[in-house]
Number of protein chains: 2
Amino acid sequence: MAMENNTERFEKLLVKNGLKRTTPRLQVLEILSGRDSATSQPYLEQVMGKDADRVTLYRVLQAFEEKGIIHKVLDQQGTANYAICSDGCSAHEHHDEHVHFNCDNCHKIYCLDTVKIPALKVPSGFKVEHLNLIATGICASCADKVN
Amino acid sequence: MAMENNTERFEKLLVKNGLKRTTPRLQVLEILSGRDSATSQPYLEQVMGKDADRVTLYRVLQAFEEKGIIHKVLDQQGTANYAICSDGCSAHEHHDEHVHFNCDNCHKIYCLDTVKIPALKVPSGFKVEHLNLIATGICASCADKVN
DNA sequence: GCTTTATTTGCAACATAATTGCATTAATAT
DNA sequence: ATATTAATGCAATTATGTTGCAAATAAAGC
Ligand SMILES: [Mn+2]
Ligand SMILES: [Mn+2]
Ligand SMILES: [Zn+2]
Ligand SMILES: [Zn+2]
């Protein structure tokens, strides 16, 4: 049983979502999946360099978000960060209601998939659709380094 | 017992924080205090028009935020919105850890001062400093209009 | 009130993020 | 191999935010 490689997986993912198998798209998937935290748009742009136009990157990210392949998290400065959706997300509905942790030191954004956002009691009349919780502080990795 | 008017209150607020009583500053306080929800930077810029330069507006907002007079909330699109701090906020510490509600219909952001953000259990190693919770959905006012 | 001083403002320039229209290119279906 | 449709690249434009510096002005001191 041969371990399916990344590129094959990604190609299937694109086809499944009716997206053509193009270099910029595979590249974005490759980059995002190789990181343990969300990836900022500026970082992606820098890493891709001249391999793809800025506009193409924006369009790839938008398409992926719409299809439920990635989700966007805005950090405390309002910068867009992207992370691969764990599963269960589709074009029709995202299921990324986990907490995000924005480290004040390394500025990484971690998807805390195991931490669900507690339900909330809001004033009468308000109808809550989604909850978006970002915790800030020091991440495990940075806390380690200080010691 | 004469009811103290807004301008007098705002002048005192500025003096207390070591800020000079200037027209743009009073204008921003006037606008923000006259609204029931947070106010976006673009809206402020539009309302102030040529009364103040864009840069001045940015600097006024920054000074107010530093002094604990207002707090900034980023909406789902990453747009900066500002609201007057209820109280207890100072240059040294903000106490605005209430939930914010971003209406999908009218796009207003309400400070739900009465709704505190529940404490959170995060993976070991992570040290939470602040929590920032934005709920999206339909606000009370918009829900009413539909009926 | 007039002068001094420190703060604040306005302007110009710049930086970055994001969007749009359109012609060209490339992926897939036949 | 060709046709069709989707995707890309490029140029131009918009929006947001920042910086440096000279001019204006608020507040303090006389
Ligand atoms: Mn996430
Ligand atoms: Mn608030
Ligand atoms: Zn960190
Ligand atoms: Zn509303």
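For the numbers below, each heavy atom of this structure counts, side chains included, while hydrogens, waters and symmetry mates do not.
- Taking the side chain as every heavy atom from C-beta outward, D36(B) and K108(B) approach each other to under 4.5 Å.
- A donor-acceptor contact shorter than 3.5 Å is absent between the side chain of T56(A) and the backbone of A52(A).
- One interatomic measurement links the two molecules: CZ of F64(A) to P of dA7(D), which rounds to 10 Å at whole-angstrom precision.
- At whole-Å resolution of the value, CG in L14(A) and P in dA6(D) are 15 Å apart.
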query: Reading nucleotides 20-30 of chain C from the 5' end, what letters show protein touch, with B for base, S for backbone sugar-phosphate only, - for no heavy atom under 4.0 Å?
result: BB-----BS--

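- If you check the side chains of E97(B) and H130(B), you find a donor sitting under 3.5 Å from an acceptor.
- No donor-acceptor pair under 3.5 Å is formed between the side chain of N17(B) and the backbone N or O of L19(B).
- Rounded to whole Å, atom C1' of dT9(C) lies 13 Å from atom CD of Q27(B).
- Across its full length, the helix from dG1(C)-dC30(D) to dT30(C)-dA1(D) shows an angle of 30° between the axes of its 5 terminal pairs at either end, rounded to 10 degrees.
- Residue K12(B) contributes atom NZ, which lies 18 Å from atom C1' of dA27(D) at whole-angstrom precision.
- A straight line from CE of M48(A) to P of dG9(D) spans 8 Å, rounded to a whole angstrom.
- Without hydrogens or angle criteria, R21(B) side chain to V15(B) main chain gives no donor-acceptor distance under 3.5 Å.
- In this structure, CD of Q46(B) is placed 17 Å from P of dT14(D), rounded to the nearest angstrom.
- In this structure a side-chain-to-backbone donor-acceptor pair under 3.5 Å is missing from D75(B) to I109(B).
- In this entry the distance linking CD of Q77(B) with C1' of dT19(C) reads 15 Å, nearest Å.
- Put simply, the side chain of N81(B) gets close to the backbone of T79(B): a donor and an acceptor are under 3.5 Å apart.
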Where do N or O atoms of nucleotides 15-18 of chain C meet protein N or O atoms at under 3.5 Å, pair by pair?
unit_1  : atom_1 : unit_2 : atom_2 : d
dA18(C) : OP2    : Y58(A) : OH     : 3.2
dA18(C) : N7     : R54(A) : NH2    : 2.6

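- Counting non-hydrogen atoms under 4.0 angstrom, A63(B) reaches nothing in the nucleic acid.
- Under the 6.0 Å cut-off for aromatic ring centres, F64(A) and Y82(A) do not qualify, their centroids lying 6.0 Å or more apart.
- Here E45(B) pairs with R54(B) in a salt bridge; the nearest charged N to carboxylate O distance falls below 4.0 Å.
- Using a 4.5 Å heavy-atom threshold, the side chains of I31(B) and L44(B) count as touching.
- D51(B) has its CG atom 12 Å from the P atom of dC11(C), to the nearest Å.
- Closest approach of S33(A) and F10(A) over heavy atoms only: OG-CZ, 3.3 Å.
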